[in-house]
Amino acid sequence: MKIKLYSLRNNICLYITFLSFITLSANLAFAQTPLTGIIKRSDGSPVPHATVKIRGANISTSANEKGEFRLVQVPEVPFYIQVSSVGFKPQDFQVLTISATPLELVLLEASQLDQIVVTSRRRSEVLQEVPIPITVIGGQAAENAGAFNVNRLKELVPSVQLYASNARNTTLNIRGLGSTFGLTNDGIDPGVGFYVDGVYHARPAATSTDFIDIDQIEVIRGPQGTLFGKNTTAGAFNITTRKPSLIPSAKVELSYGNYNFIQAKTTVTGPLAKNLAAKISISGTQRDGTIWNVAEERKYSGQNNLGAKAQFLYTPNEKLELLLSGDVSVQHPAGYPLVAAGVTTTERSAYRQYAKIVSDLGYKQPKIDPFSREIYTNTPWRHNQSIGGVSLNLDYKIGGGKLTSTTAWRFWNWDPTNDRDFTEFSALTKSQGNTRHDQYSQEVRYAGDLTDKLSGVVGVFVLGQNLQGLNQTEEVGKDQWRFVQTSNTGQQALYSTPGLLDGFGIRTNSTIKSLSAAAFAQVDWEVIDKLHVLPGIRFTYDKKDVDYDRQTYGGLQTTDPALLALKAAVYANQQFNISTENNNLSGNLTLSYRPNDRLNTFATYSTGYKPVGVNVGGLPTTSSGAADISVARVKPEYVQHYELGLKTKPTAGALLNITAFNTDIKDYQTNVQSPQLGVNRGYLANAEKVRVRGLEVDGSYQAGRFLTLNAAVAYLDGKYVKFTNAPLPLEETGHTEVINGVSTQVAFKDASGGRLPGISKWNISGGTELSTAGNLIEKEGRYFIAGDVSYRSQYSSNPTPSKVLVIDGYTLLNARIGFRSEKFSLFVWGRNLANTNYFEQLQAAAGNSGLYAGVLGDPRTYGATLRYAF
């Protein structure tokens, strides 16, 4: 009922808004002389039946078979006409005079990749001329491939890794670097910048929201701190949405699939007044869960998303442009549970092995059949979130460039519940990391051509964040005593005291207030003909203030010192306040040689920096039981990066790009799991040095309008060069070594030389589309069949390499077939057609008792999509 009400409300808003746009369309003065023209391809052949519109007026016509068109009623010059046709890029042309000679207008093929324009260097440039490895995915192409959020893009871009057990616990990496793998600690900054319409999104949960009217997605690889406001030590996502238009238009998209998948999108745009255009976009996604909870008799891992974005574009003259945007996304899914994936024997005593613990509690071993997609947890899973904000972007043309100011406020509310023992037992029954985040950002920059030989960007950026943990709760149940009991003798035997740990837990209130400020600049200087030198520099200042307060509650109320000591060994009060600040000077130098328009070679050396981290997920305790404040701060990362690149156009319609790189990071920030229950979300630590090196090859080929091919391969070799204080992997928990002649249990090991988590050595993707002209219900367009495939080899799923927490390699196959015209499209699609069973992530259960759980990839899904524009 709630979804139906949402849908009804959205439709009413859509119709009212659309009628308002039509009513408020600007009145124009019209000329008497008709306008005639011919629309051609780049090779001179005609484009039949293209649509021609007057921008800012509800006047349009269609070209004939020869590409000829005639507009009898047109405004007084100057004005703009917009020309569009299926398979071509929509283009605007300015009309300065009207004569008897027909205009000749040339449209570019939509898939003409060598003409793709990007803004990665904060100005419009042709993709192949930019000396940076960039992958560009058009909004329509992403939608056609079923990539309605960032998580789906990883199948299209081999160098991207995204792992999420829920929206909060999201890892977004490029080339295996950027964020900590596994459980998220809010005290660390991401190393991959995530920008939407120039606004930096600080929380990784932003990647889980549905795309709304996306125009283009640029995935930029490697450090880019001299181009973007926030540190981007591993790369950036630069996402742009379609701007409002003075030409009234609307489009609707409906999709339906198995698991009762329903997705609806709509966008309406048009004029509100002279020089003022508006747009509203709404998106809703619903799907039943794919995991069945036998105990609760309900489905989990479903989707229930609703998002909206409104924009107002004011262009009082040719120099000034103001864009006011507001968006909100609300997600109330059936939560995303982990399934029990296996049990391993640890090096603890026989008394502390998982099977023995379960037997002593009177239970049977939990069912280990992850791909049955059944769970037996007894605490409901909930992962509700709302995320959104408001921004104002000002662009003002000055000389050969543009001055840009972007002011933004964003928020994130997180309301979860997790069953962290992953079973029907009442052990770690509840984990709720309720969070509120506010961010305020301001960026001012100037970018453009300074002289014929010199261009660049210079800017300043300020980001303030307030991240609050609000009564974050962890609670254990009646079975937890046996998981923490190390023996059944002595004081440990008292853990079996009835009710000792029942309902025992902690509530945490924490605040991180952070300030980041930076000044950055990069220039492109053509020192001699075709040889470019691109130096860049960045100064960054970061400050973080932390207030952390954790208090215990519940359990057996007693004054017995022995029982209180046992409870304190499970959970204890923690309170600390820390303040830390640091600054950094970094930069880059690129040499680019472009001997002709078919070849661009470049070499880059750059340094980068990720600011100091702070631990707010609970600290390990010392032998005295006190919080170990020495690990409250985590040292900054320092990056040295080398890159060689080659961008080529070997033949007409073909592109081939090759990049080799090496990245060294000192004091790599990683999230590690502790056997202590009080830090079940893990804590941050530094590995002394890591290295990632690799080779990326991507290419595409377009044969006219009927065939497109693309493929990409990424080879990545990531390892710990030095990590002498790594936590033990799950199977080695309880390991003992002889130290000074005494057998001593250790909690850490030397993991130097081990693999970094989340990195597959081989990542491959490819796709093709074959189309032919045809008609459907008197609509002229093209029939098409398309498919894409992605493969990734095995990868480690644990901060310290583990024999059991390894994800096997897998291949995913997607396909679609249908018809599309300029205004109408209908196609059927399937994802994971082979119904491949695979994990996206494995992690040890809190306490390292031997159980581990996994995040399952989606099973086979299929459905149909209808789009209509008017």
Does a side chain donor of either T540 or R538 reach within less than 3.5 Å of an acceptor in the other side chain?
yes
T233 and N231: CA distance, side-chain angles, deciding distance, side chain to side chain donor-acceptor pair (under 3.5 Å) verdict
CA-CA 6 Å; T233 57; N231 297 298; over 6 Å; no
Compute whether any side-chain donor of one residue and acceptor of the other, for T558 and D560, lie under 3.5 angstrom apart.
no
Cation over ring face, K230 and F461, 6.0 Å, 45°:
no
Correct closest heavy-atom pair for L500 and L494 would be CD2-O, 3.8 Å
With distance as the sole criterion, is a donor-acceptor pair present between the side chains of T346 and R352 under 3.5 Å?
no
dist S516:OG -> K543:NZ (nearest 0.5 Å) comes out at 13.0 Å
Modelled atom types, side-chain donor and acceptor of D549 and Q551, under 3.5 Å:
yes
Relative to each other, are the rings of W414 and W412 parallel, tilted or perpendicular (30° and 60° limits)?
parallel
So does L730 get a backbone contact from the side chain of N848, meaning a donor-acceptor N/O pair under 3.5 Å?
no
Is the closest side-chain donor-acceptor distance between N583 and E581 under 3.5 Å?
no
Any side-chain heavy atom of K567 sitting closer than 4.5 Å to one from L501?
yes
OH (Y548) and CG (N509) are apart, to the nearest 0.5 Å, by 10.0 Å
Indicate yes or no for a side-chain donor-acceptor contact from N166 to the backbone of N169 under 3.5 Å, with no hydrogens or angles considered.
yes
Side chain of Q331, backbone of Q303: donor and acceptor closer than 3.5 Å?
no
What's the verdict on salt bridge (Lys or Arg N to Asp or Glu O under 4.0 Å) for D327 and K309, showing C-alpha distance, side-chain angles and the deciding distance?
CA-CA 4 Å; D327 68 276; K309 183 165 187 171; 5.2 Å; no
Step-by-step side chain to side chain contact (heavy atoms under 4.5 Å, CB included) determination, R348 to T733:
CA-CA 6 Å; R348 284 172 168 164; T733 303; 3.5 Å; yes
Are a donor atom and an acceptor atom from the side chains of T724 and E688 found within less than 3.5 Å of each other?
yes
Donor-acceptor check, side chain of Q472 to backbone of N434, threshold 3.5 angstrom: yes or no?
yes
Quick check: W409 with F411 (ring centres under 6.0 Å apart)?
yes
Using only heavy-atom distances, determine whether the side chains of T800 and E732 contain a donor-acceptor pair under 3.5 Å.
no
Distance col, row D545:CG vs N466:CG, nearest 0.5 angstrom, shows 10.5 Å
Going through the distances and angles, do Q442 and T407 end up as a side chain to side chain donor-acceptor pair (under 3.5 Å)?
CA-CA 5 Å; Q442 175 66 58; T407 307; 2.5 Å; yes
Testing the 3.5 Å rule here: is there a donor-acceptor pair between the side chains of N584 and Y638?
no
Under a 4.5 Å cut-off applied to non-hydrogen side-chain atoms, are T435 and Q468 in contact?
no
Quick check: do V160 and V219 have side-chain heavy atoms less than 4.5 Å from each other?
yes
Is a side-chain donor-acceptor pair under 3.5 Å present for E474 with S431?
no
Check whether Y495 forms a cation-pi arrangement with R482 (NZ or CZ under 6.0 Å from the six-membered ring centre, at most 45° off the ring normal).
no
Are T207 and F194 side-chain neighbours, meaning at least one heavy-atom pair lies under 4.5 Å?
yes
Residue pair N305, H332: steps toward the side chain to side chain donor-acceptor pair (under 3.5 Å) verdict
CA-CA 7 Å; N305 308 338; H332 289 170; over 6 Å; no
Between N378 and S426, is any pair of side-chain heavy atoms under 4.5 Å apart?
yes
Does either side chain, that of S606 or that of H641, offer a donor lying less than 3.5 Å from an acceptor on the other one?
no
Could you go step by step and tell me if R410 and H201 meet the side chain to side chain contact (heavy atoms under 4.5 Å, CB included) rule?
CA-CA 8 Å; R410 296 200 62 78; H201 291 217; 3.3 Å; yes
Do you know the tightest heavy-atom contact between G225 and F520?
O-CB, 3.8 Å
Between the CZ atom in R633 and the CD1 atom in I578, the distance rounded to the nearest 0.5 Å is 5.0 Å
Full working for side chain to side chain contact (heavy atoms under 4.5 Å, CB included) between D419 and K430
CA-CA 5 Å; D419 189 328; K430 188 185 295 184; over 6 Å; no
Is it true that a side-chain atom of N418 and a backbone atom of R420 form a donor plus acceptor pair closer than 3.5 Å?
no
Taking side chain as C-beta onward, heavy atoms only, is R203 less than 4.5 Å from L467?
yes
Does a donor on one side chain and an acceptor on the other come within less than 3.5 Å for D542 and Y609?
yes
Would you say the rings of Y571 and F504 are close, in the sense that their centroids are separated by under 6.0 Å?
yes
Indicate yes or no for a side-chain donor-acceptor contact from T607 to the backbone of G587 under 3.5 Å, with no hydrogens or angles considered.
yes
Tell me whether S586 contacts the main-chain N or O of G608 through its side chain, where contact means a donor paired with an acceptor under 3.5 Å.
no
With side chains defined as the heavy atoms from C-beta onward, is the minimum distance between V639 and D664 less than 4.5 Å?
no
Given the rule in the side chain to side chain donor-acceptor pair (under 3.5 Å) test, do T417 and Q432 qualify, once you have shown the distances and angles that lead to the verdict?
CA-CA 5 Å; T417 295; Q432 296 176 309; 2.8 Å; yes
Between Y195 and F237, is the gap from one ring center to the other below 6.0 Å?
no
Side-chain contact, heavy-atom cut-off 4.5 Å: V462 with L515?
yes
Hey, are Q492 and T486 close enough side-chain-wise for a donor-acceptor pair under 3.5 Å?
yes
About how many Å separate CG of L756 and CZ of R175, when rounded to the nearest 0.5 Å?
15.0 Å
Taking all heavy atoms of I759 and all of G718, pick out the closest pair and write down the distance.
CD1-CA, 4.1 Å
Any side-chain donor-acceptor pair under 3.5 Å between T511 and D547?
no
Quick one: closest heavy-atom pair of A205 and Q385, and the distance?
CB-OE1, 3.4 Å
Could you walk me through whether Y541 and N582 pass side chain to side chain contact (heavy atoms under 4.5 Å, CB included), step by step?
CA-CA 6 Å; Y541 169 80; N582 56 304; over 6 Å; no
Among K544, Q439, H437, find the residue that satisfies the side-chain hydrogen bond (donor to acceptor under 3.5 Å, both in side chains) test when tested with Q465.
H437
Between S752 and D750, is there a side-chain donor-acceptor contact under 3.5 Å, judged purely by atom types and distance?
yes
Would you say the side chains of Q841 and T171 form a donor-acceptor pair under 3.5 Å?
no
What distance do E475 atom CD and R507 atom CZ have between them, rounded to the nearest 0.5 Å?
7.5 Å
